[in-house]
Structure formats: structure tokens, C-alpha cells
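The shown structure was predicted, so the numbers you read here are calculated from the model rather than taken from an experiment.
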Amino acid sequence: CASHHNGLHYRCKKERVMFRHQLIKVGSLVKYAQYTGVVTCVDPFERGDKEEVEVAWLDGDTTLASVRYLEVLNESR
């Protein structure tokens, strides 16, 4: 997937990451506080940061998020 955040463009290569026995991957439905969204990219800037993902939130916003603060509601298959 190709995407951008705050004017920075990147190409997403990684598709999944394990964190605290949760598999978080592209397509996973996740929750943070009252917000729900879908993971669209893992380690978007390819820095080796396996805890950073891009999330498309149901309110229409797309942001970067740390997996340590996300709850996986449903893994993509």
C-alpha cells in the first residue's frame, strides 16, 4: 500500500506485528478509547518501529498510532 501522513509519502511493506500476544496486521479492527478503526499499514516509515501503525478511524481521520495503546477487536484473515 502507498500512503502519506502529514505530507510525508511512504510505501508500506510490512503487514503484521505481534505485540503482547496480539497479532496486529493490515485489516485488523482496533480500538483506542472511544475510537474504532482499521489498521492500514505497519511500520509506515520503515524505521524498524514494529510498534507504529497507521489507522483509518471510522470518523474519517487517518493517524499513526502505537500498538501498545490499541486493543484488537477482530484480526483480519
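Using a 4.5 Å heavy-atom threshold, the side chains of Val39 and Glu54 count as separate.
Closest of all the heavy-atom pairs between Val55 and Thr40 is N-OG1, 4.2 Å. Across all their heavy atoms, Leu73 and Lys31 have their closest contact at CD1-CB, 3.8 Å. Minimum heavy-atom separation, Leu64 to Pro44: CD2-CG, 3.6 Å.
A donor-acceptor contact closer than 3.5 angstrom is absent between the side chains of Thr36 and Trp57.
Summarising the geometry, atom CG belonging to Leu70 is positioned 13.5 Å from atom OH belonging to Tyr35; distances are rounded to the nearest 0.5 Å. Interatomic distance, Glu71 CD to Ile24 CD1, rounded to the nearest 0.5 Å: 10.5 Å. To the nearest 0.5 Å, atoms CD (Gln34) and CG (Asp59) are separated by 9.5 Å.
With Asn74 contributing its side chain and Leu29 its backbone, the two residues share no donor-acceptor pair below 3.5 Å.
Residues satisfying the side-chain contact (heavy atoms from CB on, under 4.5 Å) criterion with Ser66, sequence neighbours excluded, are Glu51, Arg68, Tyr69.
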